[in-house]
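Here's the structure we're looking at; comments come further down.
Residue numbering restarts at 1 for every chain, and letters A, B, ... go by the order of the sequence lines.
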2 protein chains.
Amino acid sequence: MNKTIYDVAREAGVSMATVSRVLNGTAVVKEETKAKVLAAIELLGYRPNAVARGLASKRTKSIGVILPDVSDLFHAEILRGIEDIATMYQYHIILANSDAREAREIDLIGTMWEKQVDGLLFISEKITPDIVRTFEQAQLPVVLCATDDPEGRIPAVSIDNQSAARDAVDYFLEKGVRRIAYLGGPTAHPVTMERLKGYTAAFQAAGLPFDQELVLHADTLKYEDGYAQAKRFLDQGHTAEAVVAASDELALGYLNAVRDRGGKAPDDVLLLGFDNTRLSTMTRPELSVIAQPTYDLGAVSMRLLTKLLNDEQIDEYTVRLPHSIIERTSTQRNETAAEDPNR
Amino acid sequence: MNKTIYDVAREAGVSMATVSRVLNGTAVVKEETKAKVLAAIELLGYRPNAVARGLASKRTKSIGVILPDVSDLFHAEILRGIEDIATMYQYHIILANSDAREAREIDLIGTMWEKQVDGLLFISEKITPDIVRTFEQAQLPVVLCATDDPEGRIPAVSIDNQSAARDAVDYFLEKGVRRIAYLGGPTAHPVTMERLKGYTAAFQAAGLPFDQELVLHADTLKYEDGYAQAKRFLDQGHTAEAVVAASDELALGYLNAVRDRGGKAPDDVLLLGFDNTRLSTMTRPELSVIAQPTYDLGAVSMRLLTKLLNDEQIDEYTVRLPHSIIERTSTQRNETAAEDPNR
DNA sequence: CTGAAAGCGCTAACAT
DNA sequence: ATGTTAGCGCTTTCAG
């Protein structure tokens, strides 16, 4: 059997309450007795049992993180941000992969409740009514990360996907490029559909038409699907001057599909990735991207959650982090300058 | 306040002990009363509190995972394997990043103990005596993953790094290549040093000398350091016919360093990566690699841990998973066939 | 097959 | 400033 707070109390000649006090700093303890307690703790090699503490205090100092897949680079980077801030605030992470399946997500919210997590960080492709209902039933503080609740009822941290995509199109438009394709995700995926809205909005705002056949939907945001979709597109004889992809992997898929048929970027097509994962600097040409502050998405949402948990003053329940375009080689035409000086 | 087992008992007109029994299947309960209990649970929307359960039973059904960095692709893939098997056995994962810093690792083992995890999965670059001692003090079942205890006292799942590297060198030797470089990690990193041993052993076994200047040590296994190290090497006027890298990222760094000075793989250098992360098929040329069963490394170590926890019969406390060479384009000389027909 | 009762190790009033 | 006393919600003997 292991040491308990009671053993420490006896060793130090005080009551267990006093030990608890020096452990948690919940009340002032005389320097002298505090020293005795600390000495006893040291002597016995005592460590508090967090489970017992959790039961008694109703706060476990652990937070649940539900995400589609840790082995996805984008999620893994977010998770790192979450973890760092969690550590800073003494929280632990209970991790679960959902594979973006709603049934599993709902199930996981339940088991997270059972684990008595203090709060939940939720990363998903789509926030459905059933999920929102489950949040409400669970009565858990939740922050959405890299996703939005369409109704805006749940605190969330994300970028403005629509204007990010719009900026991307504008970026090409300003270069004088018109035949711009959008290589997005499945139509059931709100985040990338939001980007599609931005894509079309940019054309509309510029008073330009756009070709519906230039809108591609890959089954996922993964490389393989990007490649497959690009190959199909190109095999059908279509072409694009530029492509705005909904992820770095998708852009890479397009890039390699072009290359595998003898083409080349940026000579034959200008490519813009999305996310700015580490991937984008590992390729040749290096991938220009619409950068999301991936790590910060995680860090900020965790910070927001701590505020929720401590009843701190909160200015914004929905925070939009800034995006930006990072220009690397995949969009640099050899004959044109990086920036169009006009306008 | 939330529903407790007591509420269910009253609703069903039985004692809490009986409710506990149907919940856990710890004893036979009459079908009829079981049905009543189940109905009450359903009616109240009752969910057991895992923290209370953990305190009473001394088993939390959660296991701690300590790894250097989730945002590293290799670790993230391992973690996915861990998670899947953990889910299968109803365990939850408490995740913590150590940044491979010993002090932090030791600290984390302690906090994992506080959390009363049932077991620990430990992924690190180096198992030091202090870490081993901490394991012993914590009295936690531990399985090392993708690492070994040099003394072999701790259950571990990994590949045979030495023979993997040796196979890599032999692979090139059989192609008639002699000037083979090794692009490894820091000298303080046992796993990659083990690979270096295999590298030198291959030359010795073949009765061939090897050039010490062809042994490169990058500061980490990351792309950036691979690039930097390769650039330095090439800038100094060195060359290699082939390079065996200690990670896919390192190989990619070399690849791009070559490319950025106008060279090309496989024409100017044959490149073999290590790990077979998703990266290796996303590059052009596609990277030939020494494949580790990354996902399985996680899955098998988690499975081993469940055996430890359930006192199942265990045949091997140290399991070696098989590695293999996957031949893609980065080692395919245009003029030579994939396989040397002789021998 | 089921109930009563005693903890698990800690926090948090409530006293003093 | 410190001690006493109830629980937190469950599992687990021990009876019956």
Atom-pair distance ([atom1] on [X]; [atom2] on [N]), nearest Å:
X: B:Y46; N: D:dC10; atom1: OH; atom2: C1'; answer: 7 Å
X: A:L55; N: C:dC8; atom1: CG; atom2: P; answer: 13 Å
X: B:K3; N: D:dG9; atom1: NZ; atom2: C1'; answer: 14 Å
X: A:R21; N: C:dA13; atom1: CZ; atom2: P; answer: 12 Å
X: B:Q116; N: D:dG9; atom1: CD; atom2: P; answer: 19 Å
X: B:K36; N: C:dC1; atom1: NZ; atom2: C1'; answer: 12 Å
X: B:R10; N: D:dG9; atom1: CZ; atom2: P; answer: 13 Å
X: B:R53; N: C:dG9; atom1: CZ; atom2: P; answer: 18 Å

Can you see whether B:Y46 has B:K3 sitting over its ring - NZ or CZ less than 6.0 Å from the centre and within 45° of the normal?
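No cation-pi geometry.
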
Using a cut-off of less than 4.0 Å, is there contact between a side-chain N or O of [X] and OP1 or OP2 of [N]?
X: A:S20; N: C:dA12; answer: no
X: B:T18; N: C:dT2; answer: no
X: A:K58; N: D:dG7; answer: no

Just checking, any donor-acceptor pair under 3.5 angstrom between side chains of A:E77 and B:S71?
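Result is no, nothing qualifies.
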
Does any N or O in the side chain of A:D72 come within less than 3.5 Å of the main-chain N or O of A:D69, such that one atom is a donor and the other an acceptor?
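Pair absent, no side-chain N/O of A:D72 close to backbone of A:D69.
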
Does A:T26 use its side chain to pair, donor to acceptor, with the backbone of A:N24 at less than 3.5 Å?
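Checked: no pair found.
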
Minimum-distance nucleotide to [X] side chain [options: [options]]:
X: A:A17; options: D:dC10, C:dA12, C:dG9; value: C:dA12
X: A:N24; options: C:dT2, C:dT11, C:dG9; value: C:dT11
X: B:I5; options: C:dC10, C:dT2, D:dT11; value: D:dT11
X: A:S15; options: D:dG3, C:dG7, C:dT2; value: D:dG3
X: B:A56; options: C:dA12, C:dC8, C:dC1; value: C:dC8

Which is more 5' along DNA chain C, the nucleotide nearest A:G54 or the one nearest B:K34? Just name the residue.
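The answer here is B:K34.
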
With nearest nucleotides of DNA chain C determined for B:A52 and B:M16 from heavy-atom distances, which residue corresponds to the more 5′ nucleotide?
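By nearest-heavy-atom nucleotide position, the 5'-most residue is B:M16.
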
Heavy atoms under 4.0 Å, any strand shown: does A:S57 hit a base, just sugar-phosphate, or nothing?
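The answer is sugar-phosphate, as A:S57 gets under 4.0 Å only of primed atoms, P, OP1 or OP2.
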
Assign B:V14 to base, sugar-phosphate, or nothing according to its heavy-atom contacts below 4.0 angstrom with the strands shown.
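Sugar-phosphate: the residue B:V14, judged by heavy atoms under 4.0 Å, touches backbone atoms but no base.
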
Heavy-atom check, side chain of A:F135 versus side chain of A:L120, under 4.5 Å:
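Yes; the side chains approach each other to less than 4.5 Å.
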
